[in-house]
Each structure stands twice: as C-alpha cells, then as structure tokens.
Amino acid sequence: MPRIGIIDNTLMWGAFRQGLRELGYVEGRNIAFEYREAEGVPERLAQAAAELARVPVDVIAVFGTPASRAAKQATATVPIVAISVGDPVRAGIVASLARPGGNITGNTILGPDISPKRLQLIKEVIPSVVRVAFLWNPDNASNVAILEELQLAAPKLRMKALSVPVRNATDFDGAFAAMMKERPQALLMTNDPLHQRHIGRIVDFLMKHRLPGIFQTRENVVAGGFMSYGASLPELFRSGALYVHKILQGTKPADLPVEQPRIFELVINLKTAKALGITVPQSMLMRADEVIE
C-alpha cells in the first residue's frame, strides 16, 4: 500500500484527499497517509521532512515554499509534490518550470508575478491609497521575491510598499505596532503557510484598524478579508493529487512540468467593504468572479 507523507495537515488538504478519492484511492484500502506537524517553523519543517523520508513514504506532499525547500533538503530520492509555491525557480526548488529535474515537481501560485496586479486593484478601488503595507515571511524565499517585485511596481503606481516582516507567531504584535506608525492605507498579504495559520488574527486586526486587505486566495476573503485575486487554492491541491497519482503510476517527478494556474479569480467581500466604509465601483463588482454579501 503506497504511503503519502504530508507536512502540516490543515483544512486546505481536504481538496487534496478529495482529489485522490476521485482518482480511486481509499484510505486504509489502497493508500495510507503519514502526517508530521511543524506549524511552519523552519527547524521543525526540516525535522518533519527528514522523518517522512526515513519512514519511508512513497511520496512527500508539501504546501508552500518553506516546506518544499525543507523536503528537498531532506531527500534526493523520495518523490516530492510541492503545492502552491510562489516562485519555485527563484526559490531554488526546481531548475525550470518545464524541466524541474531531480525528485521534485508540483505547481505554482505565481506569487511574484501576480502581486503587482493586486496593487493595481487596490488603486482602482481606492484611488487615494499611497502607502501599502506588505506582510511577508523572511524565511519564505517566494515572499522575498514578491517583496522585490512590489518595490519595483509600487513607484510606477505612485505608491509605496511598506515592509512588514513576520517570521513566527510571536512577531505579529511588534510588527503590527511598527506598521501602524507608518500609517498604511491598505495591506497586501501572501499565502505563506505560517501566516495562513493566523488568518483570523490578521483579519481581526485589519477590521479593528479599518484597513482594507487584499489577499491571494478566496479563502481569506470568506474569512472576512476585503478582496482577493489569485489562483484557486482547492484547484492547486487537486492538481497536486493528480501528480501524486502519476508518480505512483511510475512517472518520474523530473518528467512532470511544474503546473501553472490557468484561471485567476477576483473575490470581493461586500460586507467587509461596507464595514470599512469603502464603496466598491460597480465596474469592479461586475468584473468580480464572486461577491460575498
């Protein structure tokens, strides 16, 4: 029976397991899972990946850049499927999207490429916004790439990107306090797994200080965020399940190109907009794939 190793099993992995069920896998009958928790902490990610490699498992499935890098460093032989990586090439996870090489493949959420578009969306909805805080994790190589892209794009839109680094849960209070001294008018957030674990806390802070937040995924808007633009996270996890299936059928990870998202969705929480005192232009509402009221 093939064994799949998963690091940091959160609700998002439900779409992954559903994808495997649709491909004919039934837990306990023809597939088994090994879970290790790391809570996004770099040292624990390395330990979790090393433990899964020793079990051993047939495939290690990971979410996000930090876990993907930890898995790659832990083993050069066990196949790895990396899900929702911001920029796998710049992060050193694969050689190229078309030819990943080695024992790792998966899909990308295109974080650095799409982030400037989110700045444009903020400007369209709230033309007066100049200072945009960017919440990022210095331990996430894809976040570093996003910061670089935002710092290049912001001046072209007559905006300024304010760096708000948070690498662990104890950093939030200090980072938010320092951020508010810079008087931000909006906040941009990534899909960093560590930050996603604290999304409720982040959304509550934004609502308390009446700051509109723009996110990468719909799930954050459902949780109370203002707006999101990006790939569908459940689709990325289902795609990861298909790659696991192909590897279990004998395909080598090096022969599976890193998949890029084909569809990007714009989601707006109108209830949050009203609470923040924001009037969303009708043209923007008509462009939205989903409006939450």
Side-chain angles (χ1 to χ4, degrees), residues 7-8 10 38-46 62-70 73 84-93 108-119 122 129-155 157 159-209 211-217 219-220 223 225-230:
I7 298 177
D8 283 340
T10 60
E39 297 182 348
V41 178
E43 297 78 12
R44 294 182 60 188
L45 285 170
V62 288
F63 165 56
T65 301
S68 300
R69 296 182 81 182
Q73 291 167 4
S84 183
V85 178
D87 190 328
V89 177
R90 286 166 74 172
I93 294 170
T108 171
I109 201 170
L110 292 177
D113 296 331
I114 303 300
S115 291
K117 174 66 175 179
R118 297 190 185 97
L119 283 181
I122 292 175
V129 167
V130 175
R131 296 178 302 280
V132 179
F134 174 55
L135 181 64
W136 65 293
N137 183 351
D139 290 328
N140 187 325
S142 291
N143 279 198
V144 176
I146 293 174
L147 177 62
E148 293 171 354
E149 294 297 328
L150 289 176
Q151 289 175 334
L152 290 173
L157 296 167
M159 302 171 81
K160 181 179 180 181
L162 308 173
S163 171
V164 186
V166 172
R167 59 175 12 115
N168 58 61
T170 60
D171 287 347
F172 278 107
D173 289 342
F176 284 157
M179 176 184 79
M180 294 309 296
K181 292 179 181 179
E182 299 289 328
R183 297 178 294 113
Q185 297 161 294
L187 180 136
L188 190 68
M189 185 174 159
T190 77
N191 208 42
D192 178 75
L194 173 69
H195 295 171
Q196 289 300 317
R197 283 179 168 266
H198 301 276
I199 190 63
R201 178 181 182 179
I202 295 167
V203 169
D204 288 347
F205 177 87
L206 294 177
M207 294 302 295
K208 178 181 178 181
H209 293 274
L211 279 175
I214 182 164
F215 305 85
Q216 281 192 318
T217 57
E219 287 72 18
N220 293 165
F226 169 50
M227 181 168 61
S228 68
Y229 179 76

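For the numbers below, each heavy atom of this structure counts, side chains included, while hydrogens, waters and symmetry mates do not. Each residue takes its place number in the sequence, starting with 1.
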Pairwise salt bridge (Lys or Arg N to Asp or Glu O under 4.0 Å) hits with a residue in residues 170-190, at least two apart
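The answer is Asp173-Arg201.
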Can you list every pair that meets salt bridge (Lys or Arg N to Asp or Glu O under 4.0 Å) and has a residue in residues 136-148, with sequence neighbours left out?
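For residues 136-148: Arg90-Glu148, Asp139-Arg167.
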Nearest heavy-atom pair of Leu206 and Gly213: which atoms, and what distance?
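Nearest heavy atoms, Leu206 then Gly213: CD1-CA, 4.0 Å.
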Those residues that, when tested against Phe63, pass ring-ring contact (aromatic ring centres under 6.0 Å, His included) (two or more places apart):
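For Phe63 the ring-ring contact (aromatic ring centres under 6.0 Å, His included) partners, ignoring immediate neighbours, are Phe237.
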Any residue meeting side chain to side chain donor-acceptor pair (under 3.5 Å) with [X], in chain and number order, not counting sequence neighbours:
X: Asn168; value: Thr170
X: Ser228; value: none
X: Ser163; value: Trp136
X: Gln196; value: Asn191, Asn220

Just jot down the side-chain contact (heavy atoms from CB on, under 4.5 Å) partners of [X], sequence neighbours excluded, or say none.
X: Leu157; value: Leu119, Gln120, Met159
X: Ala46; value: none
X: Val130; value: Gln185
X: Ala141; value: Thr65, Arg69, Ala91

Kindly write out the residues that satisfy salt bridge (charged side-chain N to carboxylate O under 4.0 Å, His left out) with Asp192, not counting sequence neighbours, or none if the list is empty.
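Not a single residue meets the salt bridge (charged side-chain N to carboxylate O under 4.0 Å, His left out) criterion with Asp192.
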